[in-house]
J.: 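Let me give you the structure first, and then I'll get to my questions.
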Amino acid sequence: MASSATTDAGGEEHHLTIQNIRVQKLPHLLHTHPSLRSHPNPLDANPFFHPSSEFYITPSDVVLRHILHGVSDSPEPRLAYHRAGPRKTVYFDPGHVRAAIVTCGGLCPGMNTVIRELVVGLWDLYGARHIFGVAAGYRGFYSGEPVALNPKMVHDWHRKGGTVLETSRGGFDLHRIVDGIQDRGFNQVYIIGGDGTMRGMVEIFNEIQRRELNIAVAGIPKTVDNDVGIIDRSFGFQTAVEMAQQAISAAHTEAESAVNGIGLVKLMGRSTGHIALHATLSSRDVDCCLIPETDFYLEGRGGLLEFLDARLKENGHAVVVVAEGAGQDVIPRSDVAHVEEKDESGNPVFLDVGGWLKSELKKWWARDHVADELFTVKYIDPTYMIRAVPANATDNLYCTLVAHSAIHGAMAGYTGFVSGPINGNYAYIPVEEVARAKNPVDTRDHKWAWVRSLTNQPDFENR
Ligand SMILES: Nc1ncnc2c1ncn2[C@@H]1O[C@H](COP(=O)(O)OP(=O)(O)O)[C@@H](O)[C@H]1O
Ligand SMILES: O=P(O)(O)OC[C@H]1O[C@](O)(COP(=O)(O)O)[C@@H](O)[C@@H]1O
Ligand SMILES: [Mg+2]
């Protein structure tokens with residue numbers, strides 16, 4: 001129960017009492033193995049820790065899902081998740097831990113830091129000595145041999161972009177994966193990946209439960225696009241935004257240095273425009289930001305071309321940022337003879353909105369302007385450059401906290417959970433929920449209005 005005081009317009013103070021919290025249930029190994037032996041947390045004997053009575057997290061420590069709350073008479077309980085962190089009791093004898101770590105899906109800055117911190121955390125905090133890296137994504141559980149890892153091997157991995165373990169798309173063969181986990185005697189499985197990976201993790205967790213195996217499965221969300229819901233954001237996202245800004249800055253310089261110059265930047269963002277939005281907000285050089293969550297059109301009143309024409313007349317240059325998933329319905333498909341392509345994981349492979357926009361802009365200028373009027377489009381597509389880099393300082397810290405949170409949760413016997421920050425605090429969230437939760441840009445909230453007011457771009461609703 002929490003209480004606080006507010007003052008109304010008449011100056012009268014009201015004390016508000018906030019209660020009625022529903023804590024989201026988490027699967028625990030005891031649910032399937034009630035006779036599991038508990039152990040005191042090895043941190044009790046760790047010379048670097050002096051656990052006091054408040055040191056360990058208890059089941060009543062929770063993180064609220066929403067901290068912005070309109071106080072009302074609503075009888076609806078407020079949702080909360082178990083707070084991440086070390087528990088007084090663990091359900092693994094450190095000598096018997098056999099941990100597997102796997103990375104799946106596309107790259108994201110910080111993946112190597114997460115792996116490093118899983119290894120170092122398991123080794124140093126809990127005294128585990130059998131830690132293995134599974135190569136090249138989910139398929140690594142049934143093809144190839146896992147590699148034994150130790151702190152010495154991984155000590156400088158946080159300085160490297162990518163994933164030393166390698167990653168892949170596709171190859172999700174549930175029974176072979178769980179057979180591989182079972183045959184190799186893994187009892188803790190750490191899965192680092194995005195929305196697709198989390199959907200796969202749900203199936204793995206369910207199959208492990210069906211087989212009544214005593215294996216803790218922990219997920220660590222990785223998504224450069226920020227398309228996984230509930231968590232504040234993924235590790236690596238801020239680093240990617242910083243890299244994206246460099247591309248915008250170059251586009252701005254090119255555009256500004258030309259007569260009627262347009263700088264066009266395409267950024268990653270398959271179904272969500274978070275990278276484009278955040279890079280636009282922080283760069284301030286952008287005149288128009290196009291994201292998958294809103295439609296746009298080129299010709300006519302309120303269209304992109306009319307807007308750019310006015311911008312060029314006013315400023316002599318303009319910068320357009322487009323997320324890769326934007327405009328897929330505007331690009332004509334007939335002349336590309338396009339059959340919707342999918343990658344190995346079943347994700348759509350998009351038409352190149354940047355290349356198409358560049359050619360449309362050139363056609364427009366040639367059609368609607370006199371021949372000797374100069375015009376330049378400089379198109380920058382940084383693609384993998386924004387994600388194939390090591391994490392920045394903030395993201396590296398995040399990687400450490402999220403990895404250690406996952407270890408504490410698995411050692412405490414939780415399973416089928418994902419660790420991640422909610423409102424700045426690390427929590428354990430059931431993986432089913434994470435796998436369902438999407439995270440589109442909310443174009444009705446103040447952040448998108450802020451983009452529009454900053455850029456002055458049309459809302460493309462006046463057609
Ligand atoms: N619905 C699903 N069920 C089971 N496995 C899935 C599902 N979607 C994706 N996967 C698997 O998860 C892994 C990563 O998925 P992918 O979409 O490529 O990347 P990400 O996890 O980064 O979104 C791949 O091995 C893919 O086969
Ligand atoms: O790595 P690939 O297969 O070329 O795919 C590129 C895609 O991967 C991403 O970088 C990340 O997507 P995931 O996090 O879902 O793997 C997308 O932004 C981009 O569309
Ligand atoms: Mg994905």
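Numbering of ligands and ligand atoms starts at 1, following listing order. The structure presented is a predicted model; accordingly, all values stated were derived computationally and were not measured. Note that the numbering runs from 1 along the sequence shown for the chain.
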J.: Within the stated cut-off of 2.8 Å, is an N/O/S atom of D227 closer than that to the Mg ion (ligand 3)?
T.: no

J.: Out of R199, M201, R270, whose heavy atom sits nearest atom 2 (C) of ligand 1?
T.: R199

J.: Given R169, E324, K222, which one has a non-hydrogen atom that is nearest to atom 19 (C) of ligand 2?
T.: E324

J.: At under 4.0 Å between heavy atoms, is it the side chain or the backbone of D343 that contacts ligand 2, or both, or neither?
T.: neither

J.: What is the closest protein heavy atom to atom 12 (O) of ligand 2, and at what distance does it sit?
T.: R270 NH2, 3.3 Å

J.: Considering distance alone, does some N or O of D195 sit under 3.5 Å from an N or O of ligand 1?
T.: yes

J.: When you measure from the side chain of R98 to the backbone of I131, do you find a donor-acceptor pair of N or O atoms at a distance under 3.5 Å?
T.: no

J.: Any non-hydrogen side-chain atom of F141 less than 4.5 Å from a side-chain atom of V189?
T.: yes

J.: For ligand 2, which atoms, with element, lie under 4.0 Å from some heavy atom of D225?
T.: 12 (O), 17 (C), 18 (O)

J.: Which of the atoms of ligand 2 are close to G106, meaning less than 4.0 Å from one of its heavy atoms?
T.: 16 (O)

J.: Are K447 and D442 side-chain neighbours, meaning at least one heavy-atom pair lies under 4.5 Å?
T.: no

J.: Give the atoms of ligand 2, by number and element, whose distance to some non-hydrogen atom of M268 is under 4.0 Å.
T.: 10 (O), 18 (O)

J.: Does only the side chain of N347 get under 4.0 Å from ligand 1, or the backbone, or both, or neither? Count heavy atoms.
T.: side chain

J.: Hey, is G269 one of the residues with a heavy atom under 4.0 angstrom from ligand 2?
T.: yes

J.: Determine whether the side chains of E117 and H404 contain a donor N or O and an acceptor N or O closer than 3.5 Å.
T.: yes

J.: Any idea which of G200, P221, G196, S168 brings a heavy atom closest to atom 12 (O) of ligand 1?
T.: G196

J.: Among A136, G170, G140, which residue places a heavy atom closest to atom 27 (O) of ligand 1?
T.: G170

J.: Are any of the N/O atoms on E203, whether in the backbone or the side chain, positioned under 3.5 angstrom from an N/O atom of ligand 1?
T.: yes

J.: In ligand 2, which numbered atoms sit nearer than 4.0 Å to a non-hydrogen atom of Y384?
T.: 1 (O), 2 (P), 4 (O)

J.: Is the contact between R139 and ligand 1 made by the side chain, the backbone, both, or neither, using heavy atoms and a 4.0 Å cut-off?
T.: neither

J.: Considering only heavy atoms of G194, which atoms of ligand 1 have at least one such atom less than 4.0 Å away?
T.: 20 (P), 21 (O), 22 (O), 23 (O)

J.: Identify, for atom 14 (C) of ligand 1, the protein heavy atom at the shortest distance, and state residue, atom and that distance.
T.: T197 OG1, 3.3 Å

J.: G194 near ligand 2, heavy-atom distance under 4.0 Å?
T.: no

J.: May I ask you to check whether over 12 heavy atoms, not counting those of N423, lie within 6.0 Å of atom CG?
T.: yes

J.: When you measure from the side chain of Y398 to the backbone N and O of R233, does any donor-acceptor pair fall under 3.5 Å?
T.: yes

J.: Nearest to atom 22 (O) of ligand 1, what protein heavy atom do you find, and at what distance?
T.: K222 NZ, 2.8 Å

J.: Given 3.5 Å as the limit, does a donor-acceptor pair link the side chain of N260 with the main chain of F375, or not?
T.: no

J.: Using a 4.0 Å cut-off to any heavy atom of G106, which atoms of ligand 1 qualify?
T.: 22 (O)

J.: Closer than 4.0 Å to some heavy atom of D195 - which atoms of ligand 2 meet that?
T.: 15 (O)

J.: Which atoms of ligand 2 sit under 4.0 Å from any heavy atom of V224?
T.: 10 (O), 11 (C)

J.: Show which atoms of ligand 1 fall inside a sub-4.0 Å distance from at least one heavy-atom site of R169.
T.: 16 (P), 18 (O), 19 (O)

J.: Taking only non-hydrogen atoms of G137, do any sit less than 4.0 angstrom from ligand 1?
T.: no

J.: Please name the atom of D195, limited to N, O or S, that comes nearest to the Mg ion (ligand 3).
T.: OD1

J.: Identify the closest protein heavy atom to atom 9 (C) of ligand 2: which residue and atom is it, and at what distance?
T.: R387 NH1, 3.4 Å

